[in-house]
> 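Just passing along the structure, written as C-alpha cells.
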Amino acid sequence: MSEVRKLTYGGAFNEAVRQAMEADENIFCAGEDIGAFGGVFGTYLGLQAKFGAHRVVDTPISEQAIVGLGIGAAVTGLRPIVDLMFMDFICVAFDQIVNQAAKLKYMFGGEATMPLTITTGGGAGLSAAAQHSQSLEAILCHIPGLKVVYPSNPYDMKGLMTACIRENNPTIMVKHKRLLGMSAHVPEENYEIPLGKANIMRAGTDVTVIAYGRMANETLVAAEKLAADGIECEVIDPRTLQPLDTDSIVESARKTHKVLVVHEAVKFGGLGAEIASQIHELAFDYLDAPVARIGAPFSPVPFSPALEQHYLPDAASIEAGIRNLVQRS
Amino acid sequence: MSEVRKLTYGGAFNEAVRQAMEADENIFCAGEDIGAFGGVFGTYLGLQAKFGAHRVVDTPISEQAIVGLGIGAAVTGLRPIVDLMFMDFICVAFDQIVNQAAKLKYMFGGEATMPLTITTGGGAGLSAAAQHSQSLEAILCHIPGLKVVYPSNPYDMKGLMTACIRENNPTIMVKHKRLLGMSAHVPEENYEIPLGKANIMRAGTDVTVIAYGRMANETLVAAEKLAADGIECEVIDPRTLQPLDTDSIVESARKTHKVLVVHEAVKFGGLGAEIASQIHELAFDYLDAPVARIGAPFSPVPFSPALEQHYLPDAASIEAGIRNLVQRS
Amino acid sequence: MDLSPPVQFDLHRRMVRIRVFEEAAGRLAEANKLPGFLHLYVGEEAVAAGVCAALNDDDHITSTHRGHGHLVAKGGDFNRMMAELMGKSTGMCKGKGGSMHISDLSLGMLGANGIVGAGSPIAVGAAFANKYRGRGQVAVAFFGDGATNIGAFHEAANMACALHLPIVFACENNEYGEFTPRSATMAITDIVDRAAGYGMPGVIIDGMDVVAVHEATLEAVARARAGGGPSLIEAKTYRFYNHHGIQNLGLKYRPDDEVAQWKERDPIFTFEDRMIENGTMTRDRVDEIWAGLRGEIEVAIKFAEDSPLPTPDQILVDVYTSMTGAAQ
Amino acid sequence: MDLSPPVQFDLHRRMVRIRVFEEAAGRLAEANKLPGFLHLYVGEEAVAAGVCAALNDDDHITSTHRGHGHLVAKGGDFNRMMAELMGKSTGMCKGKGGSMHISDLSLGMLGANGIVGAGSPIAVGAAFANKYRGRGQVAVAFFGDGATNIGAFHEAANMACALHLPIVFACENNEYGEFTPRSATMAITDIVDRAAGYGMPGVIIDGMDVVAVHEATLEAVARARAGGGPSLIEAKTYRFYNHHGIQNLGLKYRPDDEVAQWKERDPIFTFEDRMIENGTMTRDRVDEIWAGLRGEIEVAIKFAEDSPLPTPDQILVDVYTSMTGAAQ
Ligand SMILES: Cc1ncc(C[n+]2csc(CCOP(=O)(O)OP(=O)(O)O)c2C)c(N)n1
Ligand SMILES: Cc1ncc(C[n+]2csc(CCOP(=O)(O)OP(=O)(O)O)c2C)c(N)n1
Ligand SMILES: [Mg+2]
Ligand SMILES: [Mg+2]
C-alpha cells in the first residue's frame with residue numbers, strides 16, 4: 001500500500017482545477033491573491049505560473065465585481081471559477097449571487113447557461129472570530145438556481161470540484177478551512193462525483209447520522225467509539241447540499257428508524273431543519289423518535305478558543321447526541 | 001360601530017413611526033425616496049414635512065451605506081429607522097446587516113447597543129418578477145443577533161413597529177407589499193405588541209395552522225371555509241419570526257395533534273422547516289401525522305401573472321393542504 | 001454632421017422604434033393591460049440609439065430597470081418583446097422575466113436588471129470574456145446617474161480599469177433617481193468626475209443629440225477594440241414620463257417648466273429637423289417611417305395579445321438546465 | 001515643525017505605544033501564544049498617531065482588520081487589549097472579538113473590522129449622529145488602499161458628501177492588499193484621485209511623517225467641525241511585517257530592497273532624530289519613554305496571561321441585550 005498516492009484536501013482541489021484547465025481553454029480563475037500568491041489558503045498555488053495571468057487572474061478587493069465577472073463571462077461562453085476567500089464574504093457579493101447568478105437563466109426564459117463555479121472557505125475552528133468563521137450554506141440552499149457542494153475529504157473534493165467545473169449551472173464549492181491539510185488517497189486520473197449523490201460513509205443498522213463537511217469526519221470518529229459498545233451508525237454525507245439526495249437519506253431513515261443531523265452552522269434555520277422535515281414528511285411512520293439535530297448555538301462565532309471549542313459540535317458531542325437518541329424508546 | 005377608527009396597514013406603519021418620533025428626538029428615518037416623496041409605497045408620507053429633512057433623510061441609492069448609516073448612528077446613541085425599499089435589496093446590504101449590525105454587540109463583548117430598525121417591503125403577488133418579490137425572511141432568521149418581524153394586519157403593524165423602534169437590538173420589519181392597503185381598526189393611542197409573542201388568530205381543535213404575513217389572512221379564509229364542514233382550525237400567526245414563540249406553537253400542536261405551516265417563501269429551507277422541526281422535537285408523541293408544510297416551489301418568482309398565481313400559496317391551496325392533513329390517520 | 005446618410009437613417013430608425021414601442025407600452029399600461037412595473041425610456045432615445053448603432057450584433061450590453069429602450073436599440077424584436085411585457089409564453093423570456101428582465105442573448109443584450117447598478121459587474125465579465133477570446137468584441141454597461149452611487153458600479157468600473165478591459169460605461173444622467181433629484185444624493189454635478197478615480201477617460205455629451213452620442217461612442221468603442229481600455233460617457237438626458245408608467249401619481253417631484261424645457265429638445269424631433277434642413281431626409285419620408293413602425297407595433301400588440309399564456313407546469317422549468325434532482 | 005513640544009511628545013508617545021504593543025503581540029504570535037489572525041500596524045504608526053492626536057475622546061473612529069494600531073492611538077488600554085488578543089474574559093471584548101474586532105466604545109473606537117471596507121459606512125453613521133446632536137464631534141474612517149476598491153467604501157464616501165457630514169476619510173496607502181500590489185488592482189496611483197468623484201477635497205501626505213499627518217488631519221477635522229463637510233487624506237505608508245503575523249510564510253511578494261528602503265524611513269526613529277536635532281527631546285528621554293512603555297507592556301502581558309478564560313456559559317451572552325426568548 002505504500003504506492004497509494006496521497007493528496008491533501010487543498011491539493012485535491014488544486015489538481016481538479018489544473019486538470020480541468022488543461023482540458024478546456026474556456027476555464028479561467030479569478031479572485032483575490034490567487035494569482036502570483038496562489039491564494040491565501042494555497043489552493044490556487046502554481047496555477048498562474050502554469051496557465052498565465054490571463055487565465056488565473058488577481059482581482060481587486062471587489063467581491064461583487066468578482067462574482068459579476070464570473071456571471072458575465074459565463075453567460076457569454078466561458079467557464080469561470082471565481083474565488084471568495086472566506087464564506088463570510090458571500091455576504092458582500094450576495095446580490096450578485098442571489099439576485100443575478102441564481103436567477104439569470106430563469107429570468108431569461110432559459111436562454112442562458114451559467115457554468116460558473118464560486119469557491120470559498122467555510123467553517124470555524126481557527127479562532128477567526130465572527131466574520132471569518134461562518135457556515136452560511138443553509139442560506140445558499142434556500143435560493144433556487146444555485147447548487148451547493150461541501151466535500152468532507154480529499155477524494156470527494158477532487159471529484160466534486162471536477163463536477164462543479166463541468167456543471168452548467170452556478171455552483172458554490174465550500175472548502176472547509178480546517179480540512180485543507182487533511183491527506184488521503186486521491187487518484188491522479190480525472191474523475192467526477194455526480195452532484196446530488198450522497199455518500200454512505202459507513203453502513204450501520206441502529207441509527208442514521210447525516211453530516212457534511214468537517215462534521216462528517218467528527219461523526220465517523222463518534223461512530224467508531226459507539227461501535228465498540230455495539231451501536232452501529234450509518235453515516236451519510238450528502239456531499240451536495242443543493243440538490244439534496246433525499247432518496248438516500250430517507251431510505252436509511254426507514255431502515256434505522258432513528259436519525260440525527262449534524263452541522264457546524266447555527267442550529268436554528270440550519271440545513272438540519274430542512275433535512276429533518278423531509279425525513280418526517282417521508283418516513284414518519286418508520287421513526288422511533290423525532291429526528292434530532294446538532295448545530296451551533298444561536299450566537300456569532302466567538303473568538304476565544306475557550307469559547308469556540310464549546311461552540312462547535314465535535315466527536316464527543318455527536319457521540320452524546322447519538323447515545324441520547326438511541327436511548328429514546 | 002361606525003366610530004371605529006380604521007387605518008390601512010401602511011397607514012398604521014406611518015402612525016407608529018410618527019408617534020415614536022414625536023416622543024423621542026433620537027429617532028430618525030433614512031432611505032431612498034422616503035423624504036419629500038414619502039416612500040415608493042407611501043409609508044413615510046408626510047413625515048419629512050412634519051419632522052424636517054434632518055430627521056427624515058433622502059439617501060443616495062446605496063443600500064450598504066444606508067444600513068451602515070443606521071449602524072453607526074445606533075451605536076453612537078440615536079435610534080435609526082432605515083428603509084430598504086424592497087426585501088430583495090437586503091441582498092445588496094447583506095454584509096452590513098449580517099456581518100455588522102447582527103454581530104457588533106457580540107463582537108464588542110456586549111459593550112454596545114444597536115437600537116436599529118430596518119424596514120422593507122416583502123412578498124410577491126404584484127407581477128414584480130424575480131428581483132422584487134422575494135420572501136427572504138428565513139435567511140434573516142438564521143442570523144444570530146437579528147430580530148425579524150412580519151405583521152399580517154394593520155393592528156399588529158402598529159403595535160409591532162412600535163416595539164421594533166423601542167427595541168435595543170437590530171430588528172427587521174417586513175411590510176408585505178400586498179397588505180399595504182388592507183384596512184382595519186387601529187387605536188389612535190400608542191401601543192406596543194411585544195416581540196416574540198405569537199397571536200392565536202382563531203382558536204380551533206382539529207388542526208393547527210401556522211402562517212404569517214399575507215398567508216395568515218389567506219389561512220383565515222381557508223379556516224372559515226373548513227369550519228362550514230366542521231373542521232376547526234387553530235390559526236397561529238407568530239408575528240415575530242425571530243425570536244419565535246415556540247411555546248405557543250408547541251402547545252397548540254399538543255392540543256390538535258396535526259400541524260400545517262404555511263409561508264410564501266420557497267419551501268426548501270424556509271422557516272417552515274425550522275418550525276416543523278421544533279414541533280417534531282417537542283411534541284412528537286402528540287402528533288398524528290408529520291407536520292406538513294406549504295411554501296412556494298423551488299424557482300425564482302415568475303413574472304407572468306399566469307405563473308405567479310400558481311406559484312403562490314392561497315386560500316384554496318391552504319384549504320386543500322388542511323383537508324389532506326386532516327384526512328391522514 | 002459628418003455621418004453618412006445611411007448612418008443617420010439608422011440612428012433615426014433606432015430612435016423611432018424605441019419611441020413607438022415605449023408609447024405603445026405606456027398606453028397599454030394605462031389601460032391596465034400590462035402587469036408589473038414599466039419604466040419607459042421616452043426622451044432618452046438618443047442615448048441607446050447612438051450607443052447601440054456603434055456596436056455589432058456580437059458586442060454585449062447590460063441594461064437597467066429601464067431596459068426596453070436598450071433592447072430595441074440593439075435590434076430587439078417587437079413581437080417577442082411585447083409578448084414578454086404581457087407575460088406571454090411567446091415572450092423574449094417566455095413570460096418569466098417581464099419588463100424588468102427583458103433580454104436577448106442572440107443580440108448580446110444581457111438583460112434589463114431590477115437591481116440598480118447590478119448590470120455593470122456583469123458587463124465587466126462579458127468584456128473579460130471578449131478580451132479572453134480576442135475577437136475584438138466590446139461590452140457596454142448602461143446605467144443611470146443614481147446607479148453611480150451604488151457599490152456594484154464602483155467595483156465594476158475599477159475592475160474594468162485594473163484589468164484594462166474593452167468596455168464602455170454609458171451613463172444616462174437624467175438628473176433623477178426615481179423621485180429624488182441628483183443634487184440630494186451626490187455632491188457633484190457631473191458623473192464624469194468619477195472617471196479619473198478609476199483611471200479612465202470620460203466625456204460629457206448632450207444626450208439629446210444622437211449624433212454627439214454616436215460619435216463619442218464610436219471613439220470609445222474604437223479605443224476599446226484597439227486594446228485601449230475602458231471609457232466613460234456621460235449623456236445628459238431626461239425622461240419625459242414618470243419614473244414608472246406615464247403619469248405622475250404621487251407627489252410632484254419635477255418642476256413643470258423643467259419638464260417642458262427638456263421636451264422642447266426632443267431627441268427625435270430635433271434630429272428630424274436637422275436632417276430635413278440638411279436635405280438628408282424629407283418630411284414625407286419621416287412620416288412614412290413613423291407610420292411603418294406604428295404598423296409594426298400594432299402587429300406586435302396583436303401577436304402578443306393572441307399569444308398563449310404560459311402554463312403552470314412551466315414554473316419549475318429553466319431554474320436549472322435540467323430538472324433532475326432539483327428540489328420542488 | 002510648528003507644533004508645540006507637548007504635541008510632539010504626544011505624537012511620539014502614541015507612536016511608541018503602538019510599536020511596543022505590536023512588537024509584543026508579534027512576538028507572542030510567533031511563540032504561538034495568540035490564537036487567530038494578527039495584522040500588525042508596525043511601520044504605519046505615524047498615520048494612526050497623527051490622526052488620533054487631532055481627535056477628542058468623544059470623536060469616533062472606525063477601523064480595519066489592522067486595528068490595534070488605531071485603538072492604541074486613540075488611547076486604548078494595554079491590559080485589556082492584550083487580554084483580548086489572548087481571548088481572555090478581561091479583554092476589551094471579553095474574548096469574543098479578538099484582534100479583528102477589538103473596540104472601545106468609551107474611546108469612540110467603533111471596532112476593528114474583518115470585512116474590508118465595511119467600517120466606512122459605519123463611520124458615516126457616527127458622523128451623521130454627531131451632526132444630528134450638534135456637539136461638534138467628528139468621525140474618522142480608517143481604511144487601506146485596497147479597501148477603496150470595494151463598494152462599501154464608495155457608498156460611504158458618496159453618502160458622506162451628499163449629506164455633508166463631519167467626517168475624515170483616512171487612507172493608509174501601503175501599496176499592497178494582502179499579497180497583491182496596488183498596481184494589479186487599480187489603474188491609478190493615488191487614492192486621492194477618487195476624492196473629486198465624491199466632491200470632497202483630498203490631500204496626499206507622507207505617511208511616514210507624523211507631523212505631516214497630524215497637520216493635515218487638524219485641517220480636515222477643523223473643516224468638519226466647522227460644517228465644511230468631508231475630506232480625504234491619503235497617507236503613503238508601508239507595513240514593515242507581513243500581511244498577518246511577522247514573517248513571510250508563503251511566496252515572497254515584495255522586493256527586499258523596497259522593504260529595506262521603507263524601513264529606513266521608520267516613522268518613529270526619524271521623528272525622534274528630528275526632535276533630538278531640534279532640541280525638543282534628548283536621546284535619554286527617548287530611551288526612558290521606550291523603557292517605560294516596554295515595562296507597561298510586560299505588565300499587560302502578565303495581566304493577560306493571569307486573566308481567566310471565558311467560560312462556556314458566556315457563549316450565548318450578549319448576542320442580544322437580554323437572553324429572554326432568544327433561540328438556543
Ligand atoms: C439596489 C436597488 N436599490 C433601489 C432600487 C429602486 N430603484 C429602481 S430604479 C431607481 C432609480 C434609479 O436611478 P437611475 O440610476 O438614475 O436610473 P433612472 O431611473 O433615472 O433611469 C431606484 C432607486 C433598485 N431597483 N435597486
Ligand atoms: C470583503 C473582504 N474581502 C477580502 C478580505 C480579505 N482581506 C483581508 S485584509 C485584505 C487586504 C486589505 O488591503 P488594504 O485595504 O490595502 O489594507 P492593508 O492590509 O494593506 O492595511 C484582504 C483582501 C476581507 N477581509 N474582506
Ligand atoms: Mg436617473
Ligand atoms: Mg494596503
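Quick note on labels: first sequence line is chain A, next is B, and so on, each numbered from 1.
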> Which atoms form the tightest heavy-atom contact between Pro310(C) and Ala306(B), and what is the distance?
O-CB, 3.7 Å
> Under a 4.5 Å cutoff for heavy-atom pairs, which residue among Pro305(B), Ser127(B), Gly38(B), Cys91(B) has the most contacts with chain C?
Ser127(B)
> Any donor-acceptor pair under 3.5 Å linking the side-chain atoms of Thr180(C) with those of Asp33(B)?
yes
> For Tyr253(C) and Phe37(B), take the angle between the two ring planes, folded into 0 to 90°, and tell me which bin it lands in: parallel under 30, tilted 30 to 60, perpendicular over 60.
perpendicular
> Which bit of Leu34(C) comes within less than 4.5 Å of chain B, counting heavy atoms only: side chain, backbone, both or neither?
neither
> What's the verdict on side-chain contact (heavy atoms from CB on, under 4.5 Å) for His132(B) and Met100(C), showing C-alpha distance, side-chain angles and the deciding distance?
CA-CA 10 Å; His132(B) 282 70; Met100(C) 268 195 293; 3.5 Å; yes
> Just by distance, do the side chain of Ser299(B) and the backbone of Val319(C) share a donor-acceptor pair under 3.5 Å?
no
> About how many Å separate CD of Glu63(B) and CD1 of Ile115(C), when rounded to the nearest 0.5 Å?
8.0 Å
> Give, as side chain, backbone, both or neither, the part of Ser62(B) having an atom under 4.5 angstrom from any heavy atom of chain C.
both
> Which answer fits Val92(B), side chain, backbone, both or neither, if we ask what part of it has an atom under 4.5 Å from a heavy atom of chain C?
side chain
> Which bit of Phe89(B) is near chain C, if near means a heavy-atom gap under 4.5 Å: side chain, backbone, both or neither?
side chain
> For Met186(C), is it the side chain, the backbone, both or neither that has a heavy atom under 4.5 Å from a heavy atom of chain B?
neither
> Please report the closest heavy-atom contact between His101(C) and Ala129(B), naming both atoms and the distance.
CD2-CB, 3.6 Å
> Would you find a donor on one side and an acceptor on the other, under 3.5 Å apart, between the side chain of Thr185(C) and the backbone of Pro60(B)?
no
> Side chain, backbone, both or neither: which part of Ala36(B) has an atom under 4.5 Å from a heavy atom of chain C?
backbone
> Under 4.5 Å heavy-atom distance to chain C, tell me which part of Ile61(B) shows up: side chain, backbone, both or neither.
both
> Calculate, to the nearest 0.5 Å, the distance between atoms OG and CG belonging to Ser304(B) and Leu85(C) respectively.
11.5 Å
> If you compare all heavy atoms of Gln131(B) against all heavy atoms of Gly114(C), which two are closest, and at what distance to 0.1 Å?
OE1-N, 2.6 Å
> With only heavy atoms counted, which part of Asp318(C) is less than 4.5 Å from chain B, the side chain, the backbone, both or neither?
neither
> Hey, does Phe303(B) have a side-chain heavy atom less than 4.5 Å from the side chain of Glu84(C)?
yes
> Under a 4.5 Å cutoff for heavy-atom pairs, which residue among Val301(B), Val40(B), Val57(B), Leu45(B) has the most contacts with chain C?
Val40(B)
> Pick one of side chain, backbone, both or neither for Thr311(C), based on which atoms fall under 4.5 Å of a heavy atom in chain B.
backbone
